[in-house]
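See below for the structure under consideration.
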Amino acid sequence: MATTLPYLLAILSVLLLGWLAWRRPDRRRLAWRLLASAVAGISLVLILFPPTFQRALDPSIAILLTEGYEVDSLDILLDRLEPRPLIYTYQTNSSKAVAIPDLYTFRLENPQVQTVHVLGFGLAEQELQALQNTTLVPHLSRMPAGIASITWPEAITLGEPITVAGQYTQTPDKETTLYLQAFGQARDSITLKETGRHPFQLRYTPKQEGSYTYTLIEKSGNKTDTLGLVPVQVYPAAKPAVLLVSSFPLFEFKFLKNHLGQLQHKVALRSTVSKGMHQREWLNMPHTDLGRISARLLQQFDVVITEPQALQELSSIERTALQRSVTEDGLGVLTIAGEQLGNRTTAFFTNFQSKRLSQQDTRNARARWTNGTTATAIPASPFTLVSSEAVTGLIEEQGNNLLAAGRRAGWGTVALSVVPQTFSWQLEGKQSTYASYWAHLLSSVAKREVQEKFWQLAKPQVPQLHQPATLKLTDYTWREASSVPEATIRHLTDTTQTGIALQQSIFQPEMHEGTFWPRRLGWHVVEAEGVKPFYFLVQDSTAWTHQAIQGKRDATLQFATQQRSPNSKNTTAYTEEQVPVVWFFLLFVLSSGFLWLEEKL
């Protein structure tokens, strides 16, 4: 490598020739030719033997560039750090940095590095383990344009809609349409035009039970991309057992009894005909004594539907049994009211805040419930229910008023409806509206099934090929003497089972977790003795790209907060860097061009 002295002498020679060309006009042309020749010769030497200079470095600090890093962020960080740190890249490219194959090799080759500045989207959880005992300083990039977050239910019951909700980051000068596709057809869509992050919701109601995969598609201009698959398990609709209690025969209860009976619900009806006399009917269940409402009788039902007058006519013992069944056994009670309530004896079931909307005895209301169904006008009482923190709206109407609402009472639910007649939908031939209305109400109020053993997908949200997926088994029947449960996973198209090792949680002994590394795409099922099978879909690594980015960001930020700063000593090292030869090449071209042009003139 050339030394500094020859370069200094060459520069002085060029300056001397330039000074002679300026001082001696009679020999100026010759001097300019000598000057150009000297510059060309020196430039050629510098191109062949480029000079170097020493730069101060801090070997204890490193900058790690990951996918998604921004050049401006790197330049700003370099201006702040002095002496300059070493720069490396991991799974990305940069002409200013040294590429490393893996982080464990990086730590072995650079044990002196104690602080790592991470730029880009960050590192995955398993990759961060190689940086233990170092101080990690994140300078993470923002989430890119596209899907920022998304959720959907893992399982629904037949008749409920699938709601795909999330946030989408829209770029300037671009219009994007999102489609939810089922069975090759777009079932719902939304178009985003304005720049920024926008919430979105797409819905579809399956027609049959089973395991289904729907597709979320993004279309922008002439470009169409598949963002990922939406896996949903559709289970049969629940059929809660219903007890109908009225103070006199009502058409509303008669139509509801027949409707639920046709759907194979267990239904019992008790209507008061006169004092001490009741009309009793049973469908899809054995005849039981309905003369007295008792705890033993209520154990056979999941929900009781009644009306205010019937509640008042119950004895105090019957009302107490009904109340205890709600709070202790999880029974649901729905009261259908046609007028304002104010009776203290029924306050536990009917104490909902209301306001009057009409001076007439009845009014027309357009009912709307959470699955997106909006019905035609239906007769309602002149009152509406008021929402609060303890009250959940079940049936809504225009103006954010509530036609039906519920609240938790111990283990169960009490609800109130101000729609006294819905059988008019049946008379008008609107069977689907009537069925949807009551299916929604019953599922919201009825006794909830308690699962003592169940599987969950802990992380990630979407399992991907060759990436770890954590499955969690919760068993509330587990005892200390019990052994660790055994579980297997298999692909639905294969009979080969793969064992998954479960580890008990330290803080929650009823929970066990295991890690599964998928090797095949498609539906998988995890099974254990005495536990309902759990189905999950493994997708390709190109699906839901935001998931990997968000996972890296979260893992990096969490890792950075948990690491302690090691005791480090300020050390300075020096490295030789080569002066870019492009400048010398330009001088050579300019000086050679001058000599050629001067010869022609």
Side-chain angles (χ1 to χ4, degrees), residues 240-263 265-285 287-295 297-298 300-323 325-326 331-343 345-352 361-362 378-381 383 394-395 403-404 406 412-427 434 437-438 441-442 444-447:
V242 180
L243 173 62
L244 301 167
V245 180
S246 64
S247 59
F248 57 93
L250 293 172
F251 282 110
E252 178 72 1
F253 282 32
K254 178 182 178 181
F255 276 87
L256 181 58
K257 175 206 64 174
N258 294 334
H259 169 72
L260 296 177
Q262 291 176 357
L263 296 177
H265 288 257
K266 295 179 180 179
V267 185
L269 170 64
R270 192 189 83 170
S271 300
T272 302
V273 178
S274 61
K275 187 175 183 180
M277 297 184 61
H278 302 98
Q279 177 184 347
R280 303 176 179 88
E281 296 183 56
W282 301 265
L283 294 176
N284 305 318
M285 64 178 297
H287 293 193
T288 56
D289 184 11
L290 302 179
R292 182 171 175 269
I293 303 298
S294 63
L297 172 66
L298 295 174
Q300 304 178 50
F301 299 95
D302 301 308
V303 60
V304 174
I305 301 177
T306 185
E307 40 90 18
Q309 186 64 32
L311 286 173
Q312 294 177 25
E313 293 178 356
L314 294 178
S315 66
S316 60
I317 296 178
E318 288 179 310
R319 279 195 298 270
T320 300
L322 186 58
Q323 181 173 335
S325 294
V326 173
L331 181 71
V333 176
L334 170 64
T335 304
I336 301 176
E339 57 185 15
Q340 190 175 23
L341 303 171
N343 195 302
T345 60
T346 63
F348 177 81
F349 307 99
T350 60
N351 187 20
F352 288 82
D361 293 336
T362 61
I378 191 74
S381 75
F383 299 92
L394 304 179
I395 305 295
L403 294 174
T413 301
V414 292
L416 181 68
S417 170
V418 295
V419 181
Q421 296 180 359
T422 58
F423 64 88
S424 58
W425 281 327
Q426 281 204 344
L427 298 178
Y434 182 85
Y437 176 90
W438 280 107
L441 268 184
L442 290 177
S444 302
V445 178
K447 182 188 298 184

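Position 1 is the first residue of the sequence, and the numbers go up from there. Just so you know, these numbers come straight off a predicted model, no measurement behind them.
- Side-chain atoms of Leu441 and Ile395, non-hydrogen and from C-beta on, do get closer than 4.5 Å to each other.
- Annotation: side chain of Ile305 is in contact with side chain of Ile336 (closest heavy-atom distance under 4.5 Å).
- In this structure, the separation between CG on Leu256 and CD on Gln426 is 8.5 Å, given to the nearest 0.5 Å.
- For the pair Val333/Phe348, no side-chain contact is recorded, criterion being any heavy-atom separation below 4.5 Å from C-beta on.
- Relative ring orientation between Phe423 and Phe255 is described as parallel, the plane-to-plane angle staying below 30° on a 0-90° scale split at 30° and 60°.
- Between the Thr346 side chain and the Phe349 main chain, no donor and acceptor come within less than 3.5 Å of each other.
- More than 12 heavy atoms of other residues, nucleotides or ligands sit less than 6.0 Å from atom NZ of Lys447.
- No side-chain heavy atom of Gln300 sits less than 4.5 Å from a side-chain heavy atom of Leu243.
- Counting heavy atoms from C-beta on, the side chains of Pro308 and Thr335 come closer than 4.5 Å.
- Here the closest non-hydrogen pair linking Ala415 and Val445 is CB-CG2, 3.8 Å.
- Closest approach of Leu298 to Ala321, counting heavy atoms only: CD1-O, 3.8 Å.
- To the nearest 0.5 Å, atoms CG (Leu269) and CG (Leu283) are separated by 8.5 Å.
- Between atom OG1 of residue Thr345 and atom CD of residue Gln312 there is a gap of 5.0 Å, rounded to the nearest 0.5 Å.
- Checking side-chain atoms of Glu318 against main-chain N and O of Ile293 turns up a donor-acceptor pair under 3.5 Å.
- Leu322 CG to Thr306 OG1: the interatomic distance, rounded to the nearest 0.5 Å, is 8.0 Å.
- Annotation: side chain of Lys266 is not in contact with side chain of Phe301 (no heavy-atom distance under 4.5 Å).
- Contact record, Leu297 with Asp289: CD1-O, 3.7 Å, taken as the closest heavy-atom pair.
- Across all their heavy atoms, Arg280 and Gly291 have their closest contact at NH2-CA, 3.6 Å.
- Taking both residues in full, the closest heavy atoms of Ser271 and Phe248 are given as CB-C, 4.2 Å, listed atom of the first, atom of the second, then distance.
- Separation of atoms OG (Ser424) and CZ (Phe251) is listed at 13.0 Å; rounding is to 0.5 Å.
- From Glu281, atom CD reaches atom CG of Leu290 across 10.5 Å, with rounding to the nearest 0.5 Å.
- Annotation for Ala268 and Trp282: closest pair CB-CD1, 4.0 Å, computed over non-hydrogen atoms.
- Surrounding CG of Leu263 are more than 12 heavy atoms belonging to other residues, nucleotides or ligands, all under 6.0 Å away.
- Taking the six-membered ring where the residue is Trp, His259 and Tyr434 present perpendicular rings, their angle passing 60° and hence far from 30°.
- Residues Glu307 and Glu252 form no side-chain contact, since every pair of their non-hydrogen atoms from C-beta on lies 4.5 Å or further apart.
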Margin query: Working note: Leu244 + Leu260, criterion side chain to side chain contact (heavy atoms under 4.5 Å, CB included); need CA distance, chi angles, decisive distance, verdict.
Written below: CA-CA 11 Å; Leu244 301 167; Leu260 296 177; 5.5 Å; no
